[in-house]
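Both ligands and their constituent atoms are indexed starting at 1 by order of listing.
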Amino acid sequence: MKKRVLLIPQYMKQFQCIGIKCKDNCCYGWKIGIDENTYKKYKKTTKATIKQLINKNVTRNRSNPSMENYAKIKLQENGCCPFLKEDKLCSIHKELGEEFLSKTCMTYPRITNVINEVHEKSLLLSCPEAARLILLNPNKMEFDEDEEPIDIRNNIMHKINANSTVEECFWMLRIFSISLLQNRQFSLGDRLIILGLFMKNVQECLDNNEVSKVTAIIEEFNGIMGNGNLEETLRNIPTNLTIQMELMKEFNDGRFSIGFSKNSQSYIECVSEFLNGIEYTINAKVEEVGEKYKKAYSSYYEPFMKEHEYILENFIVNYVFSQMFPITSKDGVFDAYMRLVINYSLCKMLLIGMAAYNKKLDEGLIVRLVYSYSRAIEHNKLFFNNAFSLFKDNGYNTMAYMAILIKN
Ligand code: SF4
């Protein structure tokens, strides 16, 4: 059997769906697309126990059909997949076997990016078991080369061939970003601020068609990080937790105006805990809420995070790898950096309030927030893009604002 090369984070080898033991399974609440091959196999099946269920619940996609999105499963009124049985097992899998699962059902939560023919696989944080594996490893995330038979079905998110100038320096930028984000000599906040200063410099070079200078910028940053001269500059960056909370709360509020699918219930609960934790009410003065947010940070968030910073480090490194940071934003590498910072800062803000509500922060609470956040925000690119455009239109797209979001 012919094989192809893979690049994977080590956690991929440990992942297994925990099925019935999953506290929030993935078989409800979102559109389940069926690819053309699977649809045709369904139509040909003669197995009486499942045929009727298929005919009733699998329908062709009449608007914008594609090979990947050829048909869909009609969800029940309660939002559940009609093939999910009472014992939480899938009846297609049981009656027809794994090869009859659609590409989406078969691959979730695995996603694949293809870069110059190399397939890179990672896991989506919207699966609670994947989130647990990705986040809770205290060691630095590591990556392995592997291989797989070429007929394995993959859920391909991005495919690029390095043929533009930015893409040519992709590997340099990626390696620098991951090693900086895993440099535990600095706090995670400081690492993110350094990454921003770096990306700003790189963006200026790219804007001036001076790609050859990127290597020199990497060397310069490696030098200043090594000689200890950065510490004082980083210490002197002011904090403003009230503005931090206001900016991210406004960003997050936008998500409520477009409605939720059923599988976002856990996210709505997280936001409610956050608001209760900082005692937010419509009539509360922003300064008072800001004070509660500050107290929640120092009483509950900071003491736990001091010892467990690797959890959010893993969140960010997984983002960098799976989103092909920093080249996926068409608006440049600094734009990609701001997207990363907003994802991190939104999670941080919600965790601060949730920690106050629960009077503690622990691993379980972080996994719950991250998988819920991923379902409601990461899986809704349209919302994120619109809210991010508004954020930029309001003039917050500067390094100074990024520092406010990052620094506590
Ligand atoms: S969310 Fe993850 S662990 Fe839960 S049922 Fe789906 S794939 Fe399995």
Give the residue and atom name of whichever protein heavy atom lies nearest to atom 2 (Fe) of ligand 1, and the separation in Å to one decimal.
Cys127 SG, 2.4 Å
Which residue, Phe143, Phe325, Tyr310, forms the side chain to side chain contact (heavy atoms under 4.5 Å, CB included) with Val317?
Phe143
Cationic N near anionic O, under 4.0 Å, Glu129 to Arg132:
yes
Enumerate the atoms of ligand 1 whose separation from the nearest heavy atom of Pro128 is less than 4.0 angstrom.
1 (S)
Look at Cys17 and state whether any of its N, O or S atoms is less than 2.8 Å from atom 2 (Fe) of ligand 1.
no
Below 4.0 angstrom from a heavy atom of Glu129, which ligand 1 atoms are there? Numbered from 1 as shown, please.
3 (S)
CD/Gln16: more than 12 non-hydrogen atoms of other groups inside 6.0 Å:
no
Nearest candidate to atom 4 (Fe) of ligand 1, where distance is taken over non-hydrogen atoms, out of Pro109, Cys26, Cys22
Cys22
Does Tyr357, at its OH atom, have more than 12 non-hydrogen atoms belonging to other residues, nucleotides or ligands within less than 6.0 Å?
no
Output the list of atoms in ligand 1 that are nearer than 4.0 Å to some heavy atom of Asn25, sorted by atom number.
4 (Fe), 5 (S)
For Asn358 and Glu273, which I'm curious about, is there any donor-acceptor pair between the side chains at under 3.5 Å?
yes
